[in-house]
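The structure under discussion appears below in the form of structure tokens.
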Amino acid sequence: MLEVRDLVVRYRRGFLSAPGLAAVNSVSLTLPLGHTLGIVGESGSGKSSLLRAILRLVPVTSGAIRLNGQDFLSLKGPSLRVARHGIGVVAQNPFLSLSPRLTIAEILAEPMQAAGLAVNHRARAASLLAQCGLPAEFLTRRARELSGGQAQRVAIARALTLSPSLLVLDEPTSALDVSVQAQILNLLQDLKQDLGLSMLFVTHNLKVVAHISDSLLVMQRGEVVESGPTDQVMQAPTKAYTQELMGFGRHALRP
Amino acid sequence: MSLVKRLGLPGTLCLCVVVVFALAAMLAPFVAPYAAQGIGTPNISAKFQPPSAAYWLGTDHLGRDMLSRVIYGARVSMTTGVLIVAVSLLIGLPVGLLAGYFGGWADEGFMRITDIFLAFPALLLAVLMAAALGAGMLNCIISVAVTWWPWYARLARAEVLVLRNQPYVEAARLMGVSPPRILLRHILPAALRPLGVQAALDVGPALLTASALSFLGLGVLPPTADWGQMVDAGRPFFPARWWYAVSPGVAIFLLALAFSVLGDALRATGRRDA
């Protein structure tokens, strides 16, 4: 359903200076329907640039992205907006990604208004909240009145509003504490099974993503260093870098 | 939270000053001791009276009560000050929003236009405009607003450049929300506060500039009372009949100062809330 070919992202520095290093260098990936792909790497490895390029938030230098067989990079204006209805995005910090000025009901109604969905917005918002494990009382609150885990559930509910086939998660648990992380991961696992979602899960924490992914893609300095089914990568990592990433958390403070 | 606590003592005092001037301006026919003279009816028999119980601030060269004139002048000065800022916001805000949000050619085009306006000394440009358009309150407002809107365009653009990269604005874009909706629903409400503070700060200088134009004979014409024009009219008689020039001068000073301090106080509350 999502296919990325030889994607290169190179940030322009100045007008006259030499072109910068590629943040993403010739990355290819395939995400079949209903699968979950985990993209792992330390900070600066290019995983966020890759994600932002796939979402069309940064310009792509070269390469191709096909979404449901459609050339995603050629879309502009209204047709890009329509294509975006098919992608749900959950960002790292829910307190930044949910508008501080709107109530939860308004936040959840926004995608429905954007897509011109002819349903009862409030009822749909309430059922989305229920699906993400929150009671309907939350509709009248604002994001700052919620805990981190509750706010992230709202962000997930918003991402699901238009029944997307692809869910993109950018470090969805990094801003949360450990016990809440597990709850959010379980919620995502349930949603994946219930809705048959394809997911793109970006994180620096290999352990978080190992639970939920069918396959893994390990990035370092803008390039893919290792990829394959999760079990294979986890049990027999071929690269030292992957082993190092797996070590994080096990003994976090090494000399 | 009480008002004094929010605005601080100086801010609250200045708010009171602004409110007193505004009330006096609105209720001029009722609070002015000699309403007819405030509008401009001469009273030659009492000309150049020093301040007394009958004429608290003395009388001018046509014998009109200075207090009534100053109160009627508040009408003109307050409306010009506020309208100049309002018109400038009305032009500058949309320009800044569009330039900041869309970037590229829209940004280049709009910002080079503001550069042209900002390259002239504001007062000089206003004087030129007023001289070309002719005297009168409306022309005075237009002339000053023309030199002022680029500041608001710049400020609005700077706000948008920060706001458009906020994750919640980005999230709206990723949900396929249309640009006009993003601007009106997410960016404008967040940009209004700093712009509102700047607007409050600017009413004082706007009123000063309008007074300067009137002083030069390019603003409001007699017999309508206007502080700048009154200072000019009183100038030949200074210092022997000091009250003529000083009364409207002090009024300008007080109101301009009050708006500035009030704006500063508002800015401080904004910082505390954030």
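Here the structure is a predicted model, which is why all the values come from computation and not from measurement. Below, each value reflects all heavy atoms present in this structure, side chains not excepted, and no hydrogens, waters or symmetry copies. Lettering of chains follows the sequences in order, A, B, ..., and the numbering in each one begins at 1.
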Exercise for the section: With side-chain contact (heavy atoms from CB on, under 4.5 Å) as the test, would you mind laying out the steps for B:Met175 and A:Met112 before giving the verdict? Expected result: CA-CA 9 Å; B:Met175 287 183 290; A:Met112 299 187 233; over 6 Å; no
Problem - Exceeds 12 heavy-atom contacts within 6.0 angstrom, atom CZ of A:Arg144 - result: no
Handout entry: Side chain to side chain, A:Leu57 and B:Arg173, heavy atoms closer than 4.5 Å
Key = yes
Handout entry: Qualifying residue for side-chain contact (heavy atoms from CB on, under 4.5 Å) with B:Leu174, from A:Arg84, A:Arg56, A:Arg81
Key = A:Arg84
Problem - Atom group of A:Leu96 that falls short of 4.5 Å from chain B, counting heavy atoms - result: both
Fill in the blank from the handout: Ranking A:Ser97, A:Gly86, A:Ala114 by heavy-atom pairs under 4.5 Å to chain B gives rank one to A:Ser97
Problem - Shortest non-hydrogen contact from A:Arg158 toward B:Ala171 - result: NH2-CB, 3.3 Å
Fill in the blank from the handout: If you tally heavy-atom pairs under 4.5 Å between each of A:Val168, A:Leu98, A:Leu162, A:Ile87 and chain B, the highest tally belongs to A:Leu98
Practice task
Select all residues of residues 99-107 of chain A having any heavy atom within less than 4.5 Å of some heavy atom of chain B, and report them by number, or 'none'.
Solution key: A:Ser99, A:Pro100, A:Arg101, A:Leu102, A:Glu106
Fill in the blank from the handout: If one checks every heavy atom of B:Arg185 against chain A at 4.5 Å, the contacting part turns out to be side chain
